[in-house]
Amino acid sequence: MHALVVGGTGMLKDVALWLNRSGWTTTVVARRTERMDALLAASDEPENVTPVLVDWHDGRMLARAVREAARRNGPYALVVWWMHASAADSEPWLLRAIGESAAATWRLFHVKGSRASLPGQNRRLPLGAGGLYREVILGFQLESDGTSRWLTHQEIAGGVIAAIERDDVQTIVGRVDPWDQRPV
Ligand SMILES: NC(=O)c1ccc[n+]([C@@H]2O[C@H](COP(=O)([O-])OP(=O)(O)OC[C@H]3O[C@@H](n4cnc5c(N)ncnc54)[C@H](OP(=O)(O)O)[C@@H]3O)[C@@H](O)[C@H]2O)c1
């Protein structure tokens, strides 16, 4: 089984490692060698991790690398997607490459910032036939002293892993209410 984690060496690093530990051949997209090396060093089975070091603003290059990884590792059955809005132009490239390289049925977990919880701010990725869309919205935490904070990497990765395990259509990690108490 082949999984793709886009943006998999930062807050989603533990998701990539969990997939790897759980028997998935895991392709990880990121940009910096040092963070990818840290992921590989933390992996029990680094031979089952395919690093793809590419700037996601280059849609053509990204699509080519993702297709190449599927030729090597087999069709994608699971995708975890974290990309900044600055790379929106690359989304069609990546979606097409994944769609053409995916299993008959595949799942995409779209990880989004907290603003996706606001009316009119949520945006789904259009998946082709066989693609099942899931979303994970990253919220914040309210502390007992009334202050609020953003999620830790551990909380984010734990929330994404739980979403994959439960196969929930929508997951909110932490909370998005009350919105006016979010951290500034
Ligand atoms: N609600 C919340 O609590 C919430 C929501 C969103 C984010 N956050 C926090 O905000 C922080 C910032 O998020 P972040 O996305 O900037 O950092 P991040 O999670 O540390 O890194 C994002 C991932 O995307 C990759 N990436 C970034 N730019 C790329 C590019 N141009 N091309 C290819 N890959 C790229 C990074 O690899 P490279 O490092 O190699 O570029 C890394 O694997 C996170 O640490 C997270 O804790 C919190």
Side-chain angles (χ1 to χ4, degrees), residues 3-20 24 26-43 46 49-69 76 78-98 108-118 121-123 125 134-143 147-164 168 170-184:
L4 172 68
V5 187
V6 181
T9 59
M11 60 188 177
L12 297 179
K13 177 180 164 194
D14 284 350
V15 177
L17 289 172
W18 171 75
L19 288 168
N20 177 235
W24 290 82
T26 310
T27 294
V28 180
V29 172
R31 196 175 31 170
R32 285 180 279 178
T33 315
E34 311 81 59
R35 291 175 107 187
M36 188 64 83
D37 286 348
L39 186 150
L40 291 168
S43 163
V49 177
T50 298
V52 170
L53 290 173
V54 58
D55 187 329
W56 60 35
H57 295 99
D58 187 338
R60 276 193 185 83
M61 188 89 92
L62 180 60
R64 197 178 311 140
V66 161
R67 283 197 178 92
E68 173 56 33
Y76 296 109
L78 176 66
V79 177
V80 182
W81 175 302
W82 168 258
M83 258 167 80
H84 296 169
S86 62
D89 287 351
S90 296
E91 289 179 1
W93 288 96
L94 182 54
L95 279 173
R96 205 172 316 125
I98 294 171
L108 184 145
F109 287 79
H110 190 184
V111 182
K112 307 174 177 185
S114 51
R115 289 197 162 271
S117 65
L118 297 175
Q121 300 279 324
N122 200 352
R123 203 172 50 82
L125 296 169
R134 315 302 190 212
E135 67 179 356
V136 181
I137 297 177
L138 305 178
F140 58 88
Q141 299 286 13
L142 273 186
E143 304 285 29
T147 59
S148 63
R149 63 167 176 82
W150 296 114
L151 303 169
T152 63
H153 285 197
Q154 203 179 9
E155 288 167 340
I156 291 170
V160 173
I161 290 168
I164 295 170
D168 282 341
Q170 186 191 65
T171 300
I172 295 175
V173 187
R175 60 194 301 154
V176 289
D177 297 315
W179 179 250
D180 60 2
Q181 287 189 42
R182 72 193 182 284
V184 283

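Residue numbers count from 1 along this sequence. Quick caveat, the model's predicted, so the values are computed rather than measured. Numbering of ligands and ligand atoms starts at 1, following listing order.
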Side chain, backbone, both or neither: which part of Ser114 comes within less than 4.0 Å of ligand 1 when only heavy atoms are counted?
-> neither
Using heavy atoms and a threshold below 4.0 Å, how should the contact between His57 and ligand 1 be classified: side chain, backbone, both, or neither?
-> side chain
Counting from 1, what ligand 1 atoms have a heavy atom of Gly139 closer than 4.0 Å?
-> 1 (N), 2 (C), 3 (O)
Value for CD (Gln141) from OG1 (Thr147), rounded to nearest 0.5 Å, stands at 11.0 Å
What pair of heavy atoms forms the shortest contact from Phe140 to Arg149, and how long is it?
-> CB-O, 3.3 Å
So the atoms of ligand 1 within less than 4.0 Å of a heavy atom of Val54 turn out to be 32 (N), 33 (C)
Lys112 side chain to Arg123 backbone, donor-acceptor under 3.5 Å | yes
Could you see which bit of Phe140 sits under 4.0 Å from ligand 1, with heavy atoms only: side chain, backbone, both or neither?
-> neither
Atom CG of Leu94 and atom CE of Met83: how far apart are they, to the nearest 0.5 Å?
-> 6.0 Å
For Trp82, the ligand 1 atoms whose distance to one of its heavy atoms is below 4.0 Å | 6 (C), 15 (O), 22 (C)
Is Leu138 close to ligand 1, meaning an N/O of one under 3.5 Å from an N/O of the other?
-> yes
Side-chain donor or acceptor of Arg67 paired with backbone N/O of Arg64 under 3.5 Å = no
Whether His84 lies under 4.0 Å from ligand 1, heavy atom = yes
heavy-atom search around atom 43 (O) of ligand 1 in the protein gives Thr9 OG1, 2.6 Å
Could you tell me the separation between the OG1 atom of Thr50 and the CG atom of Leu4, rounded to the nearest 0.5 Å?
-> 10.0 Å
Got Val160 and Trp18 here, is their nearest side-chain heavy-atom distance under 4.5 Å?
-> no
Give a yes or no on this: more than 12 heavy atoms of other residues, nucleotides or ligands lie within 6.0 Å of atom CD of Glu143.
-> yes
Which residue holds the protein heavy atom closest to atom 26 (N) of ligand 1, what is that atom called, and what is the gap in Å?
-> Trp56 CH2, 3.3 Å
Measure across Glu91 and Trp81 and return the closest heavy-atom pair with its distance rounded to 0.1 Å.
-> CG-CZ2, 3.7 Å
Should Ala30 be counted as touching ligand 1, given the test is an N or O pair under 3.5 Å?
-> no
From atom 10 (O) of ligand 1, is the closest protein heavy-atom distance below 4.0 Å?
-> no
If you round to the nearest 0.5 Å, how far is CG of Asp177 from CD1 of Ile172?
-> 7.5 Å
Atom indices of ligand 1, in the order listed, that fall short of 4.0 Å to a heavy atom of Trp150 | 1 (N), 2 (C), 3 (O)
4.0 Å protein heavy-atom contact status of atom 17 (O) of ligand 1, strictly under | no
Kindly identify the option in Asp55, Val28, Leu151 whose heavy atom sits closest to atom 31 (N) of ligand 1.
-> Asp55
Identify which of His153, Arg182, Met11 has a heavy atom lying nearest to atom 45 (O) of ligand 1.
-> His153
Return yes or no for this condition: an N or O of Val29 is under 3.5 Å from an N or O of ligand 1.
-> no
Donor-acceptor pair, side chain of Glu155 and main chain of Thr152, under 3.5 angstrom | yes
Arg31, portion touching ligand 1 at heavy-atom distance under 4.0 Å = both
In terms of residue, atom name and distance, what is the protein heavy atom nearest to atom 20 (O) of ligand 1?
-> Arg35 NH2, 2.8 Å
Locate the shortest heavy-atom distance separating Gly8 from Leu39; write the atom from each residue and the value.
-> O-CD1, 3.3 Å
For Gly10, counting its heavy atoms only, list the atoms of ligand 1 lying under 4.0 Å from any of them.
-> 18 (P), 19 (O), 20 (O), 21 (O), 42 (C), 43 (O)
